[in-house]
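First comes the structure, then the notes that go with it.
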Protein chains: 2
Amino acid sequence: MKKCIKCDHVDGLKRAGFIRGKQRYYCRHCAIHFVYPDSEAKTKKNTHATIQDVAKYLGVSISTVSRALNDKTDINLETKKAILEAAKELDYHPNLLAKSLHDGKTNIIGVILPDVVHPFFARVLAGIQNIASKSQYNIIVCHSDEKNETEIKNIENLISFKVDGILMSHTKNMIDSNHVKNAIKKGIPVVQFDRVFDELDIPKVVSQDVKGSFDLVEHLLNQGCRKIAIMLGPKDLDISNQRLKGYLAALQHFGMEINPEYIVYSDISENDSKEAFNYFINLENPPDAIFTVFYSHSIEMMSIAKSAGIKIPEALAFVSYGDDSLVEFFEPSLTVFNQFPISMGETSMNILLDIIKFKTELSAKTHVLDGKLIIRNSSLRKSSN
Amino acid sequence: MKKCIKCDHVDGLKRAGFIRGKQRYYCRHCAIHFVYPDSEAKTKKNTHATIQDVAKYLGVSISTVSRALNDKTDINLETKKAILEAAKELDYHPNLLAKSLHDGKTNIIGVILPDVVHPFFARVLAGIQNIASKSQYNIIVCHSDEKNETEIKNIENLISFKVDGILMSHTKNMIDSNHVKNAIKKGIPVVQFDRVFDELDIPKVVSQDVKGSFDLVEHLLNQGCRKIAIMLGPKDLDISNQRLKGYLAALQHFGMEINPEYIVYSDISENDSKEAFNYFINLENPPDAIFTVFYSHSIEMMSIAKSAGIKIPEALAFVSYGDDSLVEFFEPSLTVFNQFPISMGETSMNILLDIIKFKTELSAKTHVLDGKLIIRNSSLRKSSN
DNA sequence: CTGAAAGCGCTAACAG
DNA sequence: CTGTTAGCGCTTTCAG
């Protein structure tokens, strides 16, 4: 309760406008006008001003300040104006931690990426950020760095941060999803993208992995290739199976035989492409086309092939999945199935926000994003198309 | 104060071990052993267990739980064990918001990047993450997307989050640093990297921009090039000046004349490289070497040059700054001055952590990271080197 | 229209 | 060794 600065009486006190932004009071007993003396608030350096500082500074209560700052209706316009000015004066910034603690939501989304450097994931992240910044959400980026233990720790961490939701793509050899179930049990909505766990009953956003492979293989067949080898990603990844499925489907659909020798997996390690290339080329019956799941593999293989004097695409064609705007500048330019990772990020984030906003039950729906076959010189043997 | 479950007496009560993980009590009045009935804690779904839940569950006080969880010494080992088990049982995760609110530090570092997709910044981010994950820090990534207003908002946002520090690289045309000063005034340590503001009195981490340009130009001169053009980044960027400085220094050092026509700036927009290339090539006295600050510009220009039948490097050599492992696979492979962005991220983060840890005054020291000239075919006219 | 007070989850100082 | 309590900054009843 406010007291008169002179007589300490608490009754005869009433507000009497503002003076230099500060609440002025009038005491009937003493018949004086006065303002409360400045608190130290304003001079405090190296520290964050709080709602309290603003309140003291003006001689009003913290709830009044809170109301002004949050644009509530039940507040005197003059008071509000003074508070807003004072807040600016003291360079007040709300403490989001306190706010979050109070209302049980943080406006933070946790994003777990296996590899920040990979252009694909970097683009997905950009897409996520696009939506986030529009919707006032913040992003905590966790880098699992393709390590299972790190991914598990990341989830624990995000749970501790009480994030409002999680967007994730798994490490290349994650085979267990208990850590994700943990988060879900706590009511944190999770959306998976690209590398997903089929067994989890949550939304998933993937690209047309079956169709992409199908289209690439179909294109190669159209170009006259008959011995098409494929270098997949890690065997544990669901996405590898999807892509293999498309490859097999296309071959079967066009009545081609399947040669198990032409199918290899990669663990995304240093010399993968070199080894795979040597393996392929030294087969008794070497392929006339190589389909790699990562475009960097194709690029590296093409480089080896060229220096070995192998004609591309005549003797050996190359196709891949692709995400980088520069792939068209390699020599020869690379045919890819483009997945539009930015829109994958945007879609995932939109779905997550929907769930948060409407408290939708997590529907396990899988969203398949359209991709596009982009034909370039690494596979173009006929001028027809 | 605990009461006997039967007689409500508060005196004759004492602990008597644990039973199925729960604190057991003995009441002298009633001569009975008992445990307090389960709170609802365990059955609560869709919610985060708190320290309170654990306390109730075991019938101990919250401070005891806190002590157990924080590995304090003054606690009975048996009690501690029971608490730890109960915490696991209830799937307790500490609430980092509450913790942060209490002790005034968040263990969050804010990172502001102008472009997440650019391989350079993606790598810097990876470097930052490397150190962060080792030091138990979390990263909030803000994407300014090359927009000044967004960068300013990002800072405000990070201030509100009470982050422990900020790592940032400015947008390409940021000319004012008041937003950064704001954060600094509040005692938030800020470290700038790559695109820095010289006027700010804080640590900066940059690559050898002067030396890089010098080395590239020197190399071109060694190769017999005499008319070296340069395509810089945005004019407002300090880094553009640094790189121009190196270019000019090399030319002067080797007694070459400087032709202002050979110096252009880029605003990193869609058709930049095409326009610049056409401009250069149509000069009365066109250059015999082009030095671009972004390797993507060189790649695109080389592509145009090749299709125009211009021989690289004989008629026109190319060099650039570079960050991507794939640049060696372009045809011809590109000579670059490599900046090692990952170590830039690591260094920046280490410096920031040092400041946080030792409350070092922000020394305005500029840390220049070593880069390395990597000579490839785009500029190699003589077999000598 | 404004103020007082409770509570979000946690830690630490202070008693016992 | 353990419990009580205050307080971090904020919002939100509930009273005036």
Side-chain angles (χ1 to χ4, degrees), chain A residues 1-3 10-11 13-15 17-18 23 25 41 47-56 58-83 87 90 92-107 159-162, chain B residues 1-3 10-11 13-15 23 25 41 47-56 58-83 87 90 92-107 159-162:
Chain A
M1 200 66 77
K2 299 262 160 256
K3 296 185 289 189
V10 78
D11 44 353
L13 218 55
K14 61 172 203 180
R15 293 157 183 285
F18 288 89
Q23 181 65 249
Y25 291 91
T47 191
H48 302 257
T50 71
I51 212 175
Q52 285 229 37
D53 296 325
V54 179
K56 271 192 209 154
L58 287 184
V60 297
S61 79
I62 55 168
S63 30
T64 304
V65 176
S66 172
R67 271 187 281 260
L69 260 20
N70 289 298
D71 235 1
K72 303 282 181 190
T73 48
D74 49 351
I75 184 168
N76 181 301
L77 266 177
E78 209 188 346
T79 313
K80 183 169 169 179
K81 211 180 116 204
I83 289 175
L90 298 179
Y92 167 82
H93 288 253
N95 184 327
L96 258 32
L97 298 173
K99 191 173 179 139
S100 298
L101 182 59
H102 177 270
D103 46 44
K105 64 189 293 290
T106 52
N107 271 41
I159 292 177
S160 281
F161 260 112
K162 312 299 166 191
Chain B
M1 201 67 76
K2 300 264 160 255
K3 296 185 288 188
V10 79
D11 42 353
L13 218 54
K14 62 172 202 179
R15 291 156 185 287
Q23 182 65 249
Y25 291 91
T47 191
H48 301 258
T50 72
I51 213 174
Q52 286 229 35
D53 296 326
V54 179
K56 270 192 208 154
L58 287 184
V60 298
S61 79
I62 56 167
S63 33
T64 305
V65 176
S66 173
R67 271 188 282 261
L69 260 20
N70 289 299
D71 235 0
K72 303 281 181 190
T73 47
D74 50 350
I75 185 168
N76 181 300
L77 267 178
E78 209 187 347
T79 312
K80 183 168 169 180
K81 212 182 117 203
I83 290 175
L90 298 178
Y92 167 81
H93 287 253
N95 184 326
L96 258 31
L97 298 172
K99 191 176 179 135
S100 298
L101 182 58
H102 177 270
D103 46 44
K105 64 190 293 292
T106 52
N107 271 42
I159 292 177
S160 280
F161 260 112
K162 313 300 167 191

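Keep in mind the model is a prediction, meaning the values are calculated, not measured.
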Heavy-atom pair with the smallest gap, counting every atom of [X] and [Y]:
| X | Y | value |
| --- | --- | --- |
| B:His48 | B:Asp53 | O-OD2, 4.0 Å |
| A:Leu101 | B:Leu97 | N-CD1, 4.3 Å |
| B:Leu69 | B:Tyr92 | CD2-CE2, 3.5 Å |

Look up atom [atom1] in [X] and atom [atom2] in [Y], then write down how far apart they are to the nearest 0.5 Å.
| X | Y | atom1 | atom2 | result |
| --- | --- | --- | --- | --- |
| A:Leu90 | A:Leu58 | CG | CG | 8.0 Å |
| B:His102 | B:Ser100 | NE2 | OG | 11.5 Å |
| B:Ser61 | B:Arg67 | OG | CZ | 6.0 Å |

Item to check | A:Lys81, NZ: over 12 other non-hydrogen atoms inside 6.0 angstrom | outcome: no

Item to check | Short side-chain N/O contact from A:Thr64 to OP1 or OP2 of C:dT2, under 4.0 Å | outcome: no

Next on the checklist: Using OP1 and OP2 only, check whether a side-chain N or O of A:Thr79 sits under 4.0 Å from C:dT2.
Outcome noted: yes

Next on the checklist: Regarding B:Ile75, tell me which of base, sugar-phosphate or nothing describes its non-hydrogen contacts under 4.0 Å with the strands shown.
Outcome noted: sugar-phosphate

Checklist entry - Base, backbone or nothing for each nucleotide of nucleotides 10-16 of chain C, written B, S, -, heavy atoms under 4.0 angstrom, 5' to 3'? => result BBB----

Checklist entry - How bent is the helix from C:dC1-D:dG16 to C:dG16-D:dC1, comparing axes over its five end pairs at each side, to the nearest 10°? => result 50°

Checklist entry - Taking atom C1' of D:dT2 as reference, at what distance in whole Å does atom NZ of B:Lys80 sit? => result 15 Å

Checklist entry - Does B:Asn76 reach the main-chain N or O of B:Glu78 with its side chain, forming a donor-acceptor pair under 3.5 Å? => result yes

